[in-house]
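Since the structure is predicted, the reported quantities are computational estimates derived from the model, not experimental observations.
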Amino acid sequence: MEPCSCDTFVALPPATVENRIIFGKNSDRPCDEVQEVIYFPAAVHDNLRGHLKCTYIEIDQVPETYAVVLSRPAWLWGAEMGANEHGVCIGNEAVWGREEVCDEEALLGMDLVRLGLERADTAEKALDIIVDLLEKYGQGGNCSEDGVTFSYHNSFLIADRKEAWILETAGKYWAAEKVQEGVRNISNQLSITTKIDREHPDMRNYAKQKGWWDGKKEFDFAATYSYIDTTKMTISPGRYCEGYKLLNKHKGNITFETMMEILRDKPSGINMEGEFLTTASMVSILPQDSNFPCIHFFTGTPDPERSVFKPFIFVPNISQLLDTSSPTFEVEDPVKKKPHFKTKLDRRHPLYQEHQQALKVIDKKEEKSETMLENMRSLEKELFKEMESILQNKHLDVDKIVNLFPQCAKDEIQIYKLNISSK
């Protein structure tokens, strides 16, 4: 398996049922890294002379930002994956190729995920924003809190109610592929070949200058900018191929529950274990009919097979997600000091702490493990039933929805506490 990995998926009609687009991602990160689920409301920014501090650098702020829900490593500003109030979802992947990775501090790919969500109300606008920021500020910087230099280029899967876009980068150069039907996945490799719908204006000339492309044969982005034999991408061993096979296995009948099954799949390597493991997961339902709400499920805990997918719906006056929000360290945070990462802080949020204790019980006692997992699946089943009812009936109890995700997190914590106390 790859030392660093993530997998992001999208399925569109006719591969799905009920005219829904289904988005999903596993975030695979260092095994002790905490990932929080956090909400930021929409905001108006009057002082545009002020700058926005991202993980490492400051950039220009915009007049207005949209409400977002993010799943992010708790030490950084950006996000591994998330959604906004307009039904835009983004997930990113680490990729490497012929173009050298820059260690200098710039925008992280995870910063670009959040910026795209905060500033765009469609998938293609998010693509525009990301490539404009990439051109202006570049990508780079350490993507790990462990102090070991860990940098990479990025690919992105961006979806909304209408379509999806794959955006893959190599330094400042990029290619994008529009996806309007069927299934598509990205992993830790370039995957755009000859179907290029948008591109950096100098992408082909740069490849010619470097001797990667002769200017005559059909241009293949992944083959040119990396060392991949693109003719074997969907049959070679690896998670990109495994994800491709799982999506196609269910093509025509994909639901949000199907996507969760894919993210929970361990034999394929999609649900990773080891020094790098699946630290958080996300699945979103994006109905093509705008009369229906988008529903976003997050775990906020490692290993989706032993976690609960909890629903989030954008409505006004959402309660803060306290049980999945990590502590903040304004002054002593080693990310904000130079040199960075000389110390490591305890960033565990309440749900993460209880989940880790519960996993110890599960690992030691088989009978209790079965009971706890049954309780977790029972909670999930009730939530899925409730969400499906909302999608079928178009009825939204706003007073209940403002506390939907926080209450689900509390219910999950209660399951863990009951089992831990009776060990």
How are the rings of [X] and [Y] set relative to one another: parallel (under 30°), tilted (30 to 60°) or perpendicular (over 60°)?
| X | Y | result |
| --- | --- | --- |
| F150 | W96 | tilted |
| F219 | Y225 | perpendicular |
| H296 | F298 | tilted |

Can you name the residues that form a side-chain contact (heavy atoms from CB on, under 4.5 Å) with K53, not counting sequence neighbours?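 For K53, the residues satisfying side-chain contact (heavy atoms from CB on, under 4.5 Å) (neighbours in sequence not counted) are E58.
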Which of these, V88, N84, I129, sits in a side-chain contact (heavy atoms from CB on, under 4.5 Å) with R119?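 By the side-chain contact (heavy atoms from CB on, under 4.5 Å) criterion, R119 pairs with just one of V88, N84, I129: I129.
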[X] side chain vs [Y] backbone, donor-acceptor pair below 3.5 Å:
| X | Y | result |
| --- | --- | --- |
| T299 | P304 | no |
| N403 | P406 | no |
| D111 | L107 | no |
| H153 | E99 | yes |

Option from E33, E36, E80 for which salt bridge (Lys or Arg N to Asp or Glu O under 4.0 Å) with R72 holds: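 The passing option is E36.
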Taking the six-membered ring for Trp and the single ring otherwise, decide whether the centroids of F309 and F256 are under 6.0 Å apart.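 For F309 and F256, the ring centres are not under 6.0 Å apart.
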Tell me whether the guanidinium CZ or amine NZ of R347 lies under 6.0 angstrom from the six-membered ring centre of Y352 and within 45° of its axis.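 Output no; distance or angle outside limits.
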If you compare all heavy atoms of D265 against all heavy atoms of S268, which two are closest, and at what distance to 0.1 Å?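 Between these two residues, the closest heavy atoms are OD2-OG, 2.7 Å.
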All pairs passing side chain to side chain donor-acceptor pair (under 3.5 Å) where residues 305-316 contributes a residue, at least two apart: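 Checked against side chain to side chain donor-acceptor pair (under 3.5 Å) - neighbours excluded - the pairs reaching residues 305-316 are K266-E305, T301-S307, D303-R306, R306-D363, S307-H355, K310-E412.
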